Colleague: 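Below is one structure. I have some questions about it.
All chains are named by letter (A, B, ...) in the order of the sequence lines, taking the proteins before the strands, and each is independently numbered beginning at 1. What you see is a predicted model; the values in this text were computed from it and never measured. Just so it is clear, the values below take in all heavy atoms, side chains as well, and ignore hydrogens, waters and symmetry mates.
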There are 2 protein chains.
Amino acid sequence: MTRASSRRPGPPTRTERGIPEATVARLPVYLRALTALSDSGIATASSEDLATAAGVNSAKLRKDLSYLGSYGTRGVGYDVEYLRYQIAREIGVTQDWAVVIVGIGNLGHALANYSGFGTRGFRIVALLDADPTLVGERIGEMEVRDFAELEDIVKADRVSIGVITTPAGPAQDVCDRLVAAGVTSILNFAPVVLSVPDGVDIRKVDLSIELQILAYHEQRKSGEAALPQVPELPALNGMPDLPSVGGGVGA
Amino acid sequence: MTRASSRRPGPPTRTERGIPEATVARLPVYLRALTALSDSGIATASSEDLATAAGVNSAKLRKDLSYLGSYGTRGVGYDVEYLRYQIAREIGVTQDWAVVIVGIGNLGHALANYSGFGTRGFRIVALLDADPTLVGERIGEMEVRDFAELEDIVKADRVSIGVITTPAGPAQDVCDRLVAAGVTSILNFAPVVLSVPDGVDIRKVDLSIELQILAYHEQRKSGEAALPQVPELPALNGMPDLPSVGGGVGA
DNA sequence: AGGAGCTTGTGAACGTGAGAACAAAATCGG
DNA sequence: CCGATTTTGTTCTCACGTTCACAAGCTCCT
Ligand SMILES: NC(=O)c1ccc[n+]([C@@H]2O[C@H](COP(=O)([O-])OP(=O)(O)OC[C@H]3O[C@@H](n4cnc5c(N)ncnc54)[C@H](O)[C@@H]3O)[C@@H](O)[C@H]2O)c1
Ligand SMILES: NC(=O)c1ccc[n+]([C@@H]2O[C@H](COP(=O)([O-])OP(=O)(O)OC[C@H]3O[C@@H](n4cnc5c(N)ncnc54)[C@H](O)[C@@H]3O)[C@@H](O)[C@H]2O)c1
């Protein structure tokens, strides 16, 4: 769309190299769908095909792709390999990003053992933990190292992405250390809201929240008529005991 | 201006017991923040306090809470315990929901070992796997059982939520089996788009996608002026080799 | 009692995103 | 060479979500 020829007086100031956030979040899904098609030996796909594979509707997919440029051919569709490359380039996964994982407990172990990151644009360069009994343990090809080495590792390997899988308590401290060391993107698994300075991106993954969202809808399905059971406005001290639902900050 | 649409007589359809999806997704965050405040012995909190604890702005928080009812006191704030109970009730986590986990590999083990679900409204009633060498293994208080027992377990324990942590390949089959057995909410960790019939809710957690979203922004930060390196429109066969970035469907 | 000072709840403006619809471009058959 | 057919890229409109701003309502102090 940014063909040099058209100087559009149009209002929305398109393609100032800025892609809507909602679209950015879907590009990885398209990338995966394209890879699947490619692996099946399919060379060309229409927006309809792609949309089905990605689980979205085709108008949305076409609009999303139009932010990257005009990479399709009218009457034909998209060249799978070519589009895959363009999306990978736009996302920035044509070369690997160095990642450190902090907190090698249950979840950290699972991530460390996961082979899927390497094929998707990421390279885990270090597994860090503060627990001395864990340091030195081998996981696959890697060895758990002391969290104190963080700064050296970040500097040596140009690490820009950090993954936090420690308990909630130390998470903010770990986060601060990561940021101070130069990490500018953080993926947080601990159930706390982390605060970071401007310029640092943070995303969270929270399984309890996902389950609770499902629970809300589940309650709607089954409870249609069973809701009025609970009083709408019990006295301030007159509500049932609620042991500790919602989860605290502890590990 | 977008001033049009003078044909909207009724306000915004006064909440027919329907809470906006974006709000539903934030309620669990508020619930957690309230629990943290409660654990700190704080009995009352203003929308500003709560908003800070939850990492949102206070206007949004107040609007979100207003969908549940008028549970605050002007000039004072919100009673922490009372509001916590109201949100828990709205989400539906005042009593536990039965959950099964299918695919007890790296990730399944981590989830099985996680103690946080019990305190947040969920009870894991079974760990299922198709691999006979895994069946019978003890994990904490539980034992891995054969996937074939799914139907019995769902029926016996009134399971409505299923978690899929199998490789991508079998995920759709597992999903179909879950749905057929009566599960109506699914949390999927496998990197595939699952299709489910109407009435079944599905949510996905995809770590590679989260990392790729971070990578996109990361590239923006560092690449400001380094982008023009790559040609905008290379010949269809003239692009660099892209080994397999984007990830396939394999495990 | 009455006013000062807070804080909620909400109406309205604004911004972003989704989807329907269609004109523009490409292929293909005759 | 032309018209039928296919499918993209884009425009338009509507729905949803966020933020501002402020009147309504509560408490406390004098
Ligand atoms: N395991 C799950 O399935 C699961 C599910 C949802 C959320 N979570 C969250 O993910 C996080 C990790 O969970 P887990 O089950 O792996 O916990 P875990 O207790 O098994 O592991 C935490 C690890 O972090 C390390 N650690 C603690 N403080 C540290 C510090 N200051 N610096 C570096 N390392 C430190 C500990 O030594 C430990 O190895 C927790 O916040 C948990 O709430 C886990
Ligand atoms: N481990 C991670 O950190 C991680 C990260 C991102 C995504 N994932 C995704 O999560 C999923 C699980 O990852 P993992 O590392 O635990 O894999 P894994 O291979 O360790 O475990 C998969 C388990 O599923 C079981 N299984 C296979 N087919 C089954 C079937 N038909 N019915 C029941 N059980 C079956 C296997 O026996 C195995 O125990 C994968 O889809 C992976 O892509 C994992």
Colleague: Quick check on DNA chain C: between A/Arg26 and B/Ser47, whose nearest nucleotide comes earlier from the 5' end?
Modeller: B/Ser47

Colleague: Once you round it to whole Å, what is the distance between C1' of C/dC6 and CG of B/Asp49?
Modeller: 12 Å

Colleague: Within the 4.0 Å heavy-atom criterion, would you say B/Ala59 contacts the bases, only the backbone, or no part of the nucleic acid?
Modeller: base

Colleague: Taking the minimum atom-to-atom distance to the side chain of A/Arg62, which one of C/dT10, C/dC22, C/dG19 wins?
Modeller: C/dC22

Colleague: How close or far is atom P of C/dG19 from atom CG of A/Asp64, stated in whole angstroms?
Modeller: 11 Å

Colleague: Rounded to whole Å, please give me the gap between CD in B/Glu21 and C1' in C/dG17.
Modeller: 15 Å

Colleague: Output yes when A/Asp201 and B/Lys221 qualify as a salt bridge under the 4.0 Å nitrogen-oxygen rule, no when they do not.
Modeller: yes

Colleague: If you measure only the distance, is there a donor-acceptor pair under 3.5 Å linking the side chains of B/Ser46 and B/Asp49?
Modeller: yes

Colleague: State plainly whether the residues A/Glu90 and B/Arg220 are in salt-bridge range, i.e. N to O under 4.0 Å.
Modeller: yes

Colleague: What distance separates A/Leu194 CG from A/Asn188 CG, expressed to the nearest 0.5 Å?
Modeller: 4.0 Å

Colleague: Return the value, rounded to whole Å, for the distance between atom CD of B/Gln86 and atom P of C/dT8.
Modeller: 17 Å

Colleague: How close or far is atom P of C/dT7 from atom CG of B/Leu50, stated in whole angstroms?
Modeller: 13 Å

Colleague: Ignoring backbone atoms, test whether B/Ser70 places a side-chain nitrogen or oxygen under 4.0 Å from the OP1 or OP2 oxygen of C/dG9.
Modeller: yes

Colleague: Counting only side-chain heavy atoms from C-beta out, which of C/dG9, C/dT7, C/dG17 sits nearest to B/Ser46?
Modeller: C/dT7

Colleague: Quick check for you: among D/dC26, C/dA18, C/dT8, whose closest atom lies nearest to any side-chain atom of A/Lys60?
Modeller: C/dA18

Colleague: With hydrogens left out and only the distance checked, is there a donor-acceptor pair under 3.5 Å joining A/Lys63's side chain and the base of D/dG9?
Modeller: no

Colleague: Can you tell me how far P of C/dG15 sits from CG of B/Asn57, to the nearest Å?
Modeller: 16 Å

Colleague: Under 3.5 Å, side chain of B/Arg120 to main-chain N/O of B/Gly116, donor-acceptor pair present?
Modeller: yes

Colleague: On the side chain of A/Arg74, is there an atom forming a donor-acceptor pair with the base of D/dT8 - under 3.5 Å, no angle test?
Modeller: yes

Colleague: Can you measure A/Tyr78 atom OH to D/dT7 atom C1' for me and round it to whole angstrom units?
Modeller: 9 Å

Colleague: Given atom CD of A/Glu48 and atom C1' of C/dG19, what is their separation to the nearest angstrom?
Modeller: 13 Å

